[in-house]
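A quick note: this is a predicted structure, and the numbers were derived from the prediction, not measured. Numbers restart at 1 for each chain; the letters A, B, ... are given by sequence-line order, proteins then strands.
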Amino acid sequence: MAKRESTFINMVVTLFAVTFIAATALGFVYNLTKEAIELSKLKAQSEAIEKVLPEFGELGDSYKVAAESSGDSIEFFPAYKNGELVGVAVKTFTNKGFSGFISIMTGIDNAGNISGYEVLEHAETPGLGSKMDVWFRNVDKPNQNVVGKNPQSYKFEVSKDGGDIDAITASTITSRAFLDALVRAFEAYQKVELPSESRKN
Amino acid sequence: MNQWKNFSKGFIKENPVFVLLLGMCPTLGVTSSAINGLGMGLATTFVLLMSNIVVSLIKSLIPDKVRIPSFIVIIAAFVTVVQLVMQAYLPALYKSLGLFIPLIVVNCIVLGRAEAFASKNNLLTAAVDGLGIGLGFSFALVLLGGIRELLGSGKLFNITIYSENYVTLLFVLAPGAFIVLGYLIALINQIKKD
Amino acid sequence: MSNLYTVSPSPHIYSDDTTRKIMYRVVYAMIPALLWSVFVLGVDALRVTLIAIVACLAFEYIIQKYLMKVKPSITDGSALITGILLAFNVPSGIPWWIIVIGALAAIGIGKLSFGGLGGNIFNPALVGRVFLLISFPVQMTSWPATRQSATDALTTATPLGIIKEGLVNGTPIAQISKDLPSATDMLLGNIGGSLGEISALFLIVGGLYMLIRKVITWHIPVSVIVSVAAIAAIFWLVDPQNYINPLYHILSGGLMLGAIFMATDMVTSPMTPKGQIIYGVGIGVITISIRLFGAYPEGISFAILIMNAFTPLINTYIKPKRFGGN
């Protein structure tokens, strides 16, 4: 086959054909994977919720509350067992991390205690700040554990700043950010009225 | 042309990372673990293979003056396919590779092979070349990622080898990538010389 | 030695200075500060120094003999200096294996990868220190308390660490100052810190010795210290609530150690006095910028490494005058 000449018409037709075929193919793949992407996102979210809350039967409708200090919002996922509210998972965040944004799913039970947390997204230094995914739920170290504590009776600040929680060694900034996210979740939690019974029952 | 030679050149003789020094951005950016290196390497291999095949097939249909934009569109299409599929079926890997997947589009190796090789060779040769170079790239990334993961977090393919208390953190951070890459290139040069 | 046969254009001036003699003068200059650190921090300081020296010499020998296949040059004293400087840059309580890794980074990466003494772009001891600081941030920032310290704490913070921590929390300087050691304590070394950074006084004594023996000239140390002091003073005068007295910046941390012993390394600093002043001011400006605005409380090691990278450029533009030229 002889190479096609670079005439204007040839170039336009070729570029159009290439982009058209590429776009069609992409649209096709997009439709194929759309559902799976949604599912995997939801699955990641519900797995995180399961990890931070005590056993529950079903999730109620989630709703968002705008955070006071910045444009981002905090999302609530109330959880019910046999129609009774057992706790609420709160998707919270902070911008004060060593590398900026951190997103955390935290669980708060009916008594107002933190029932667990799961770091969803962060860019902290590996080996230092990234330790927060296990540091604050170490049962053997009561001074650094936040699980089972109520932010009203404990001061959720690092001990260096006069709080009750020990910071990650050499990662005070990440620790402050982490606690900032939890406090933000808790303050928002105190302000919302959660339906105490599942509407589905 | 000897297809085996064509295939195997990507590993040492014309290794895109250690010898051609192309595609440094993902090489340095994602290789903080062997798994990340493997994921990135295989994603690039797929794009290389597919774009080499397509470019080789349509090479005579494309007028010379618009060949680069056409190649880029083809490559970008395959990269987007990889991105969507990975997001759907390998969300954990997608999360850790993140930004670097779209960046395969501008990886010099992919465009370089399309321009310098696939557009001048037949289908089979181009496909074998894409596969060889891609696997050579994967090999380099896994090697780099494996060394960094082992020294920097005490693990290999996510299996703990030794205690985290003895790891040299520098290796999973950016400077570690440069240092390890430097010594690997020195080593490959030494091997090639002998 | 092969460099005896190096032929350079005339005129020739005879000098009995050899690499070895100069290196040992530097070693003598470090002895007062070393002895003082052993006195203040106890036997641990001696342990750290010995491990660092032995490891540096061993790596120099092994790598030169078996990897580079050249005649080992461990007796020229440069690896000895690297060892002592590396020890000066770490806390006294650091585990032995971390020192060994630091020595490997200093000698292997910092020096021999570039071809050995004279070929290295960066100060080897600082490469070792920064390597360790990034790799082992916990161990590298746990400073055992000095012998004379009044509290019974096991570890302590450096004065710069206290200031940084306080300012991040929004504590005014007046309040922070209560936790800080006095200027006399800092001059004598009764503060938390790495081996070599705790006593400004003994570092200055060593520096004066090197000046008298013409190992170094005044340009680099003075320009580093003056530029740090000047910038710190400006900030302090404008806003004494949030910036500490410049005296603290000069006496605390590794400023003296860096300015006198590490920035003046012959291989990695510019050749001409004018170039040296530019280099020194650069180090001073970067150091104080990191101290005031960066994430780390101390920045001199990064500053010296950055300016090391500029040295070839400075040497290109500010050339020594040709003999007899205008």
Side-chain angles (χ1 to χ4, degrees), chain A residues 1-48 98-99 101 103 119-131 134-135 169-171, chain B residues 32-33 36 50-51 54-55 57-96 98-99 119-120 148-149 151-155 164-174 176:
Chain A
M1 244 191 293
K3 195 129 197 151
R4 283 174 61 180
E5 293 285 317
S6 293
T7 61
F8 181 73
I9 296 290
N10 272 355
M11 291 196 288
V12 171
V13 169
T14 313
L15 280 183
F16 180 76
V18 168
T19 43
F20 182 77
I21 296 169
T24 318
L26 279 184
F28 182 66
V29 174
Y30 175 77
N31 265 332
L32 269 183
T33 53
K34 195 174 153 195
E35 214 168 316
I37 291 174
E38 282 300 308
L39 270 178
S40 76
K41 270 187 188 160
L42 273 182
K43 204 174 139 225
Q45 191 164 329
S46 62
E47 270 174 9
F98 195 70
S99 314
F101 186 78
S103 168
V119 180
L120 300 175
E121 215 178 299
H122 77 91
E124 302 302 281
T125 318
L128 288 175
S130 70
K131 281 188 194 154
V134 289
W135 181 273
T169 320
S171 308
Chain B
S32 57
S33 74
N36 280 1
M50 297 312 286
S51 67
V54 172
V55 166
L57 278 176
I58 63 167
K59 59 180 184 282
S60 52
L61 297 177
I62 308 240
D64 257 354
K65 277 189 184 163
V66 291
R67 70 180 193 286
I68 300 285
S70 308
F71 294 167
I72 285 287
V73 171
I74 292 164
I75 295 165
F78 284 115
V79 170
T80 315
V81 169
V82 169
Q83 186 181 4
L84 289 172
V85 170
M86 199 181 263
Q87 202 176 355
Y89 303 105
L90 296 164
L93 188 64
Y94 177 75
K95 213 174 143 190
S96 61
L99 185 66
S119 66
K120 296 183 178 72
R148 289 180 63 195
E149 188 181 4
L151 294 175
S153 52
K155 297 177 191 163
E164 211 179 47
N165 296 335
Y166 296 100
V167 299
T168 309
L169 203 57
L170 180 108
F171 286 105
V172 288
L173 303 175

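- Neither the backbone nor the side chain of B/Tyr94 comes within contact range of chain A; no heavy atoms are under 4.5 Å apart.
- Atom OG1 of residue A/Thr14 and atom CZ of residue B/Arg67 lie 13.5 Å apart, to the nearest 0.5 angstrom.
- Heavy-atom pairs under 4.5 Å with chain B were tallied for A/Ala25, A/Ala23, A/Ser40, A/Ala22; the largest tally goes to A/Ser40.
- Heavy atoms from other residues, nucleotides or ligands lying under 6.0 Å from NZ of B/Lys120 number more than 12.
- Note that CD of B/Gln87 and NZ of A/Lys34 are 13.0 Å apart. Values are rounded to the nearest 0.5 Å.
- A/Thr33 OG1 to B/Gln83 CD: the interatomic distance, rounded to the nearest 0.5 Å, is 10.0 Å.
- Contact residues of residues 75-82 of chain B toward chain A are B/Ala77, B/Thr80, B/Val81 (heavy-atom distance under 4.5 Å).
- Remark: B/Phe171 CZ is packed, more than 12 non-hydrogen atoms of other residues, nucleotides or ligands lying under 6.0 Å away.
- Between B/Pro69 and A/Leu15 there is a side-chain heavy-atom pair separated by less than 4.5 Å.
- In this structure, no portion of B/Ser153 lies under 4.5 Å from any heavy atom of chain A.
- The side chain to side chain contact (heavy atoms under 4.5 Å, CB included) with A/Val18 is formed by just one residue from the set B/Ile72, B/Val73, B/Val66, B/Leu61; it is B/Val73.
- The 12-atom threshold is exceeded at CG of A/Leu42, counting heavy atoms of other residues, nucleotides or ligands nearer than 6.0 Å.
- The CG atom of B/Leu84 sits 7.0 Å away from the CG atom of A/Leu26 when rounded to the nearest 0.5 Å.
- Taking CE from A/Met11 and CD1 from B/Ile62, the interatomic distance works out to 12.5 Å, rounded to the nearest 0.5 Å.
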